[in-house]
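The model shown is predicted, which means the values in this text are computed figures rather than measured ones.
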Amino acid sequence: MFKASLQRHVRLGHVARQFSTAALLRNARTERVAATLRQTPSQPALRRLAPTSALSRLYSSESAAAQANRQGEFAPVSSAPVTRFSELSQLGVNQGLVDALTRGMGYDNMTEVQSMAINPALKGNDMVAQAKTGTGKTLAFLIPVFQRVLMDQPHLANRNAMRRSSSQDIRAIILSPTRELAEQIGVEARKLARNTGIIVQTAVGGTRKRESLFKMWREGCDVLVATPGRLNDLLTDPEAKVSAPNLQAFVLDEADRMLDVGFADEIRAIQDSLPGRDKVERQTMLFSATIPKDVVGLAKSMVRPDKFEFVQTIKADDVATHERVPQHLVAVNGYENILPTILQIADKAKTAQDSELPFKAVVFFSNTASVQFAHEIFRDTRAFGRRQGTEIYEIHSKLSQGQRTRSADNFRAAESAILFSSDVTARGMDFPNVTDVIQVGLPPDRDQYIHRVGRTGRAGNSGKGWLILAQEEIPEARNRLPGLPIKPNDTLEAAKHVVGDTPVSEDVSRYFEKISNAYANLPKSMFRSVYMAYLGQKFGRGFQTEDVISLLNNWCLRGMGWDQVPAVSPAVAQKRGFSRVRGIRLGHDEDDEPDFRSRRGDNFGRNDNYGRNNSFGRNSNFGRNNSFGRNDNFRRNDNFGRNDNFGRNNSFGGGGRFRQNNNSRNRDRPRQVTFEDKFASRVGEGQRSSNNSRPSF
Ligand SMILES: Nc1ncnc2c1ncn2[C@@H]1O[C@H](COP(=O)(O)OP(=O)(O)OP(=O)(O)O)[C@@H](O)[C@H]1O
């Protein structure tokens, strides 16, 4: 019934918007706007045609997401109490904050999560909120936090507040898992604070502790945005003079990440340093795009059961990614095809006539060595740079914090660029106008895949997701990534080329040649690190050590032209259980690049500016025997050239029947009943159902 009425309203809306967009459609330059409108009912027209209740549903979740404009996802939800930032004044929100939002930041309509979260959070409720990536969760928690600070300290409403803030009386703490994200939230928070006397500080690892302390002592601190390690350090160091005896608000952004084992000890220690909730009533808010079931217990322990809201904009039958971000699975013949395939994606995007925005991509690898390697290879192709119109950057934990910040800032500011990244930017980072997210290899898990894809298609924009996998990795990907709209894409010839065969086109020949030449300029140790990093990854039922060794060995021998594969030390092999795995070479490699190593330090973990002056150790005689068509005898005469039928949509993985209706009884249940109703039974919707469903690739 509801579905039928929804379809009727969509049809009516379609008629209405045909009128309202007719003029736009005549104008080719406004095609982008028109395309958006074609997808999205015009609001006034729908208001006339649709009853309010239907409208509110129509605009929920992904239909709201489709309301693509630069203002956000921005569809008022009529059943929600506030939908525009200007209306916040009526709820008693400080006018300085409202002005900062509407005039300073230029926002008008709230996103769905903002509309649903801000009002209950203003009432002081604890909150767990889940909404898709890029839908404005940051402001959804910042606004209530700031209002709470102002209620508690009304004099801060005045921009020139006379009372000095103190680092020993912090009123709100916001925690983020990564330094870059903490800095980004800090920037957003300062914009919001601009008409008030609220002082926002950031405290992140990797920066000089003393410097940030001096700043905090000098300027004071009302709201602190921090990473857990640094915050814990500050709170437990008596010399730091940082404390929060009157803490009013505590926020965990990317809450599921913050609550997983990696941060558990630090979060516990931080909580121990904060005033007891029986002494100071503080509001706790947890936000994320993903809330897996296994963190529910922990999240529950952090909120007050009697004063708690669960806000959930991802419905039970929704997928957790945006519909406007098509996700392509590119199956490559072997690992040697990966970098040429990325070159082809970049090349195609740069020459595409119809693209609305210049190519701007984040390329994720699951290990740092691969990020460094790919970045170095791409640099060496000389296909990128200012002159070529597309810059390249790298970001990962082996860079100094200064270098990381520079990469992030440069990429943020760039019109067209590629950022080679480890998972340090997977969550929360809001780089504008990212057109493509390319994931190489098996993502660690489904949630990480979702967060990575979420770097594109933000704030109502469109984007593309790419997942590049070797054939052998696909069965495991199906296990890890159920219920996501990933579709096979076999349009990239570079993915299918078999090294040694005649390339199908000059372009393909060019991609492989560029990469092949670049291999020759890199020290072998860089590839050895990649090799070891791949061996250290998480395997699974569908992808085992033998598979990765075979792929790596082929890359090395066939793709790079090495005489033998990297050696694995017997001790390491034994420790990791590889000693008897076929294809492994036990032993030690000669230290063949003394210059390079001495300059870099032997872990080649370039956490410095290790003299990338092109002169390091490039012993040009390895690998580069000019053409990629070498070593015919390594041509895979085995069973893994099967690149033609990977697109067997829907017919595999038959185990899981689509059980998405498991939660349907929860969908229309009135909220605010018991703790369990509000939280445990709802959390994970939009994931739980689809977790059980078949993958689409
Ligand atoms: N109401 C709004 N109207 C227009 N743009 C908005 C609105 N709210 C937020 N934005 C913008 O949308 C972008 C995404 O916001 P934000 O980074 O808060 O998303 P998020 O939901 O926290 O994403 P993630 O899950 O990746 O952390 C930002 O550029 C932000 O400035």
Side-chain angles (χ1 to χ4, degrees), residues 2-3 6-7 9-11 13-14 17 32-43 46 55-77 109 111-113 115-116 130-137 289-290 312-329 354-357 433-439 443 446-447 449-467 481-489 649-650 658 660 663 667 685-691 693-697:
F2 168 65
K3 204 168 163 194
L6 194 71
Q7 281 163 349
H9 289 307
V10 170
R11 275 199 303 276
H14 183 71
R17 73 185 179 270
R32 176 159 187 249
V33 180
T36 300
L37 290 171
R38 273 199 300 275
Q39 286 170 14
T40 312
S42 92
Q43 292 176 43
L46 272 175
L55 238 192
S56 69
R57 293 193 217 171
L58 196 59
Y59 272 120
S60 71
S61 187
E62 195 61 319
S63 58
Q67 179 80 1
N69 63 37
R70 293 200 176 262
Q71 284 272 304
E73 309 212 326
F74 317 131
V77 180
N109 293 319
T111 65
E112 189 177 24
V113 66
S115 184
M116 287 173 71
Q130 183 187 11
K132 289 185 186 183
T133 52
T135 55
K137 292 186 286 297
T290 52
Q312 157 68 277
T313 67
I314 307 174
K315 304 297 175 284
D317 46 3
D318 261 0
V319 287
T321 50
H322 294 285
E323 273 171 11
R324 56 177 185 276
V325 179
Q327 294 157 54
H328 307 280
L329 168 70
D354 57 344
S355 61
E356 293 159 2
L357 289 169
N433 301 329
V434 171
T435 55
D436 296 72
V437 166
I438 303 172
Q439 306 195 36
R446 186 173 182 273
D447 287 351
Y449 173 91
I450 291 167
H451 285 279
R452 287 167 167 185
V453 169
R455 296 318 99 207
T456 187
R458 300 176 70 74
N461 289 320
S462 56
K464 277 194 216 84
W466 302 91
L467 175 61
L481 307 173
L484 291 166
I486 305 171
K487 297 273 160 27
N489 176 322
N649 294 351
N650 312 331
F658 198 69
Q660 76 180 27
N663 305 310
R667 235 180 292 162
E685 280 179 12
Q687 307 180 84
R688 188 166 44 185
S689 56
S690 43
N691 270 343
S693 69
R694 281 190 308 228
S696 57
F697 59 92

Looking at G457, is its backbone amide N or carbonyl O close enough to the side chain of R324 to form a donor-acceptor pair, meaning the two atoms are under 3.5 Å apart?
yes

Would the distance check show the side chain of Q130 and the main-chain N or O of I314 forming a donor-acceptor pair, the cut-off being under 3.5 Å?
no

Excluding sequence neighbours, so at least two apart, what forms salt bridge (charged side-chain N to carboxylate O under 4.0 Å, His left out) with R452?
D423

Locate the shortest heavy-atom distance separating P326 from G463; write the atom from each residue and the value.
CD-O, 3.1 Å

Using 0.5 Å steps for rounding, measure from the CG atom of L481 to the CD atom of Q327.
9.5 Å

Closest heavy-atom pair, I450 versus A320, reported as atoms and distance to 0.1 Å, is CD1-CB, 3.6 Å

Applying side-chain contact (heavy atoms from CB on, under 4.5 Å), run through L484 and R446 and close with a yes or a no.
CA-CA 9 Å; L484 291 166; R446 186 173 182 273; 3.8 Å; yes

Taking T135's backbone N and O only, do any of them form a donor-acceptor pair with T111's side chain (distance below 3.5 Å, no angle check)?
yes

T456 side chain near D436 side chain, heavy-atom distance below 4.5 Å:
no

Any side-chain to backbone donor/acceptor pair from T133 onto H451? Under 3.5 Å, distance only.
no

All heavy atoms of H328 vs all of I486, minimum pair found to be C-CG2, 4.3 Å

Which pair of non-hydrogen atoms, one from T321 and one from P485, has the smallest distance, and what is that distance?
OG1-CD, 3.6 Å

Quick check: does any side chain N or O of K132 sit under 3.5 Å from a backbone N or O of V319, one acting as donor and the other as acceptor?
yes

Any donor-acceptor pair under 3.5 Å linking the side chain of K137 with the backbone of A131?
yes

